[in-house]
Trainee: 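Shown below is the structure under consideration.
Count residues from 1 along the sequence. Both ligands and their constituent atoms are indexed starting at 1 by order of listing. Keep in mind that this is a model prediction, so the values were computed, not measured.
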Amino acid sequence: MTLLRDPLLNKGTAFTEQERAALGLRGLLPPCVLTMQDQAERVLINLRNLPSDLEKYVALNALHDRNEALFFRVVCDNIDEIQPLIYTPTVGLACQKYGLIFQRPRGMFISSRDRGQIAELLKNWPYPAKLIVVTDGERILGLGDLGANGMGIPVGKLSLYSACAGVHPEQCLPIVLDVGTNNEELLRDPYYLGLRERRLAGEAYDSFVDEFMQAARKTFPGVLIQFEDFANHSAFKLLHKYRDEACVFNDDIQGTAAVALAGLFSALRVNGSKLRDQRILFLGAGEAATGIADLVVSAMMAEGASEAEALGRNWLVDSRGLVVKGRAGLSGHKLRYAHDHGQIADFLAAIETLKPTAIIGVAAVGGAFTPDVLKAMAKLNAHPIVFALSNPTSKAECSAEDAYRYTEGRALFACGSPYDPVTLGGRTFVPRQGNNSYIFPGVGLGVIASRSRLVTDEMFMAAAHSLADCVGKDDLDQGSLYPALPRIREVSARIAAAVAQVAYQRGLAEGPAPNDVMGLIRSQMYEPHY
Ligand SMILES: O=C([O-])CC(=O)C(=O)O
Ligand SMILES: [Mg+2]
């Protein structure tokens, strides 16, 4: 009976006659023996009969808790259909309803009440973790502070690690650091499962996170720690504090940067220009905006631009207008992009003045790329680059349909959440997601496989190039700036190999470089089967 209750061992009706006899399962299962394929088909039939995405999320979660291999088989074989249900956009709603839909815990919940005992707590995790995705829930997607309900995000990210890059599920540990929440609604919500108190701040917060970092590294030596969906003020600080001493990265800063840069490389193949000649205007000035801009600056410099020139080609607009030199109260991460210029209050006026070739939306202001914004970009450029990257769909700067409609089908478009193909004037466009989900699974796999001590920006640059290299002419012809999702395991393997290569070249890896790095990567990829 224990076997049937253990999701890592359970095969349900797929236990063979011999297994049933040998393992004491006779009589505990209906007599019919199914194949994994039969089971997967049945899962899909049931899933498609469910009336809402949230119910599908719950059903998939339940499958994950019942039979892990079957869950991943279904995800891998139907990634286009399933990814939006276990990841953005549905995971956003699932986090908002986390307390209500809760059935079984997944991952670890470490709260500020556990101060002084985090190492002891981590020992309760029964597997040797090699990869932790951790959030404090303060900025979940573009939805803001969801406190401990943010747990859905590390869970979703790690499901993609296993499905999209074959990181073994047993190596994956989702963690929420529950330091309270400042979300009034949650504090009043009877079903909220986190601590009902305001967020820790200042020194108390820093020392709590530091205790977690030391305990995690001690309990799981060499573990890769991905920071996810922290608010800006914590995200930059934590990355800066730990990146040179621990194996960490911030997905929202560095992962998003690499996916956006790869999308720009693809777009430039269509419009035939160079990165160093672009003028990029960001709507948003947080983790994603400055993360992307920093990587773009490095890439422009690799094409021969000076640093000053490259910086001057990236501009930010935040809630107070254009980020310019001397504007009062600018936070540190924006300063590189605070150029000498007069104040401009709104985004459209900034477009008209600065004449960008690309606009990148990362401010979680739904609908901010208005028809007028899109038309202005179409007037300035033969092929305007328009990336509406905010998540979930309700926060997207514009829909795919609007992006194509208001630019007469000339936009080179990428979106953070999935959109269906758009047919316009006899042409069908297939927009693809400029989502860090193309990047982090491969980066993580490469870091784990090479046992790299650190995660570097050079690795994200290599990941961006590898991802861009996977985009074919057939993709570009239909308006896709990224490869098709069903190719993701191959794409992740290439990214992982490139990342591992950097680790070996820079002396960050453990052990000598193998002759066949790709072989090493492939040999480590988990395949869901019985
Ligand atoms: O999770 C996603 O879809 C992308 C991401 O990291 C975020 O929006 O914070
Ligand atoms: Mg994120």
Trainee: With side-chain contact (heavy atoms from CB on, under 4.5 Å) as the criterion, how do Y419 and Q433 come out once you've worked through the C-alpha distance, each side chain's angles and the decisive distance to 0.1 Å?
Mentor: CA-CA 8 Å; Y419 276 102; Q433 272 176 278; over 6 Å; no
Trainee: Quick one: nearest non-hydrogen protein atom to atom 9 (O) of ligand 1, plus distance?
Mentor: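 I find the closest protein heavy atom is R139 NH2, 2.6 Å.
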Trainee: Can you tell which part of I153 has a heavy atom less than 4.0 Å from ligand 1: side chain, backbone, both or neither?
Mentor: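 Looking at I153 and ligand 1, no heavy atom falls under 4.0 Å.
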Trainee: Any idea which atoms of ligand 1 are less than 4.0 Å away from a heavy-atom of E228?
Mentor: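 Once the distances to E228 are compared, the set is 6 (O).
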Trainee: Does a salt bridge link D145 with R198, judged by any charged N lying under 4.0 Å from a carboxylate O?
Mentor: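 Judged by the 4.0 Å cut-off on N to carboxylate O distance, D145 and R198 do not form a salt bridge.
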Trainee: What atoms in ligand 1 come closer than 4.0 Å to a heavy atom of Y87?
Mentor: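 Every atom of ligand 1 under 4.0 Å from some heavy atom of Y87: 1 (O), 2 (C), 3 (O), 4 (C).
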Trainee: Angle class for the F236/H333 ring planes (parallel below 30°, perpendicular above 60°, tilted otherwise)?
Mentor: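 Judged by the thresholds at 30° and 60°, the geometry between F236 and H333 is parallel.
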Trainee: Tell me which N, O or S atom from E228 is the closest to the Mg ion (ligand 2).
Mentor: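 The atom in question is OE2.
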Trainee: Answer yes when R489 and E527 have at least one side-chain N-carboxylate O distance shorter than 4.0 Å, and no when they do not.
Mentor: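 So R489 pairs with E527 through a salt bridge.
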Trainee: Considering heavy atoms of the protein only, find what lies nearest to atom 1 (O) of ligand 1 and give residue, atom and distance to 0.1 Å.
Mentor: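 Checking every protein heavy atom, the shortest distance to atom 1 (O) of ligand 1 gives K157 NZ, 3.0 Å.
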Trainee: Does the N or O separation between T256 and ligand 1 drop below 3.5 Å for any pair?
Mentor: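 In this structure, T256 places no N or O atom under 3.5 Å from an N or O of ligand 1.
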Trainee: Report the relative orientation of the aromatic rings in H465 and F265; use parallel for angles under 30°, tilted for 30 to 60°, perpendicular for over 60°.
Mentor: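 Taking F265 first and then H465, their aromatic rings lie parallel (interplane angle under 30°).
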Trainee: From the options F440, Y87, Y526, select the one residue that forms a ring pair (Phe, Tyr, Trp, His ring centres under 6.0 Å) with Y161.
Mentor: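 Answer after filtering F440, Y87, Y526: F440.
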Trainee: OD1 (D229) to the Mg ion (ligand 2) to OD1 (D252): angle, nearest 10 degrees?
Mentor: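 It comes to 100°.
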Trainee: Let me check your reading of the structure: within less than 2.8 Å of the Mg ion (ligand 2), is there an N/O/S atom from D251?
Mentor: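 Under 2.8 Å: D251 has no N, O or S contact with the Mg ion (ligand 2).
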Trainee: Mark up the atoms of ligand 1 that fall under 4.0 Å of a heavy atom belonging to L141, in ascending order.
Mentor: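 Result: 1 (O), 2 (C), 3 (O), 7 (C), 8 (O), 9 (O).
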Trainee: Which ligand 1 atoms, with their elements, are less than 4.0 angstrom from a heavy-atom of D251?
Mentor: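 Listed by number with element: 6 (O).
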Trainee: Please could you name the atoms of ligand 1 that N391 approaches to less than 4.0 Å, counting only its heavy atoms?
Mentor: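 Near N391, meaning under 4.0 Å from one of its heavy atoms, ligand 1 has 2 (C), 3 (O), 4 (C), 8 (O).
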Trainee: What class does the angle between the rings of H64 and F72 fall in, given that below 30° is parallel, 30 to 60° is tilted and above 60° is perpendicular?
Mentor: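 Plane angle over 60°, so perpendicular.
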Trainee: Show me which atoms of ligand 1 lie under 4.0 Å from any heavy atom of T88.
Mentor: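 Selected atoms, number and element: 3 (O).
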Trainee: Less than 4.0 angstrom from a charged side-chain N to a carboxylate O is my criterion; do R139 and D252 meet it?
Mentor: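 A salt bridge links R139 with D252.
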Trainee: Which atoms of ligand 1 are found less than 4.0 Å from any heavy atom of N436?
Mentor: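 Near N436, the atoms of ligand 1 are 4 (C), 5 (C), 6 (O).
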Trainee: Do the ring planes of Y404 and F429 sit parallel (below 30°), tilted (30 to 60°) or perpendicular (above 60°)?
Mentor: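 Because their plane-to-plane angle is under 30°, the rings of Y404 and F429 count as parallel.
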